[in-house]
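Working notes, beginning with the structure itself.
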Amino acid sequence: MSGPGTTGFEVALEGGVEAAHAARRALATNGCQLPRELRDDVALLVTELVSNAVRHGGGASDSRLQLEFRRCADRIRVELLHPGSVFEPPPSPPSNGGSDGGWGLFLVDRIAESWGVRPDASGTCVWFEMAAAPP
């Protein structure tokens with residue numbers, strides 16, 4: 001997503017347990033002027049993508065993650081690049097019914113309008129898009 005009127009930011013994150021917090025802080029401090037309910041949804045989805053990258057995608061503390069946020073007119077696109085290369089979609093919803101995980105991409109699927117995974121030169125890019133205003 002690019003072109004006239006596009007705003008956004010990119011930030012490199014250190015992998016590891018603090019990566020999700022650093023991603024939320026980047027969203028809060030980089031001028032993401034979004035309505036609160038939308039800001040909360042974006043923060044939740046970013047947290048899930050980063051947490052998955054750390055837990056399953058090679059985003060350990062000695063690696064780097066790249067978070068990209070773009071807003072163009074009425075659309076938002078967020079991309080997270082991480083060094084992992086293997087991706088297996090989880091069951092939807094998680095079959096264990098417990099709270100030990102497995103809900104991240106289920107939430108992304110339910111809240112974002114679209115999302116996906118693609119290979120990238122540095123590993124894998126997981127992305128989502130949604131309207132820039134709440135429904």
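All of these numbers come straight from a predicted model, not from anything done at the bench.
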Spell out, yes or no, whether Leu81 and Leu45 are grouped together once hydrophobic residues are joined by side-chain heavy atoms under 4.5 Å, including indirect joins. no
Using 4.0 Å as the upper bound for N to carboxylate O, is an ion pair formed by Arg77 and Glu113? no
All heavy atoms of Leu65 vs all of Ala53, minimum pair found to be CD2-CB, 4.2 Å
Please find the pair of heavy atoms, one from Ala20 and one from Val50, that lie closest to each other, and give the distance. N-CG1, 3.4 Å
Leu38 and Met130: CA distance, side-chain angles, deciding distance, side-chain contact (heavy atoms from CB on, under 4.5 Å) verdict: CA-CA 9 Å; Leu38 185 59; Met130 58 197 312; 3.7 Å; yes
Nearest heavy-atom approach of Ala23 to Val46 is CB-CG1, 3.6 Å
Reported CZ-to-CD1 distance for the pair Phe128 and Ile111, which is rounded to 0.5 angstrom: 9.0 Å
Could you check if a side-chain atom of Leu49 sits within less than 4.5 angstrom of a side-chain atom of Leu67, using non-hydrogen atoms only? no
Trp127 to Ser114 - nearest heavy-atom pair and separation: CZ3-OG, 3.5 Å
Sort out for me which residue in Val11, Asn30, Ile76 forms a side-chain contact (heavy atoms from CB on, under 4.5 Å) with Phe69. Ile76
Nearest heavy atoms of Pro83 and Ser63, plus distance in Å: CG-CB, 3.9 Å
Roughly how far apart are Ser122 OG and Arg64 CZ, rounded to 0.5 Å? 12.5 Å
What are the two closest non-hydrogen atoms of Ala19 and Glu14, and how far apart are they? CB-O, 3.3 Å
List in chain and number order the residues that pass side-chain hydrogen bond (donor to acceptor under 3.5 Å, both in side chains) with Thr47, two or more places apart in sequence or in another chain; answer none if no residue qualifies. Arg24
Approximate separation, where rounding is to 0.5 Å, of Glu48 CD and Arg55 CZ: 10.5 Å
Going by heavy atoms in the side chains, are Asp120 and Glu79 under 4.5 Å from each other? no
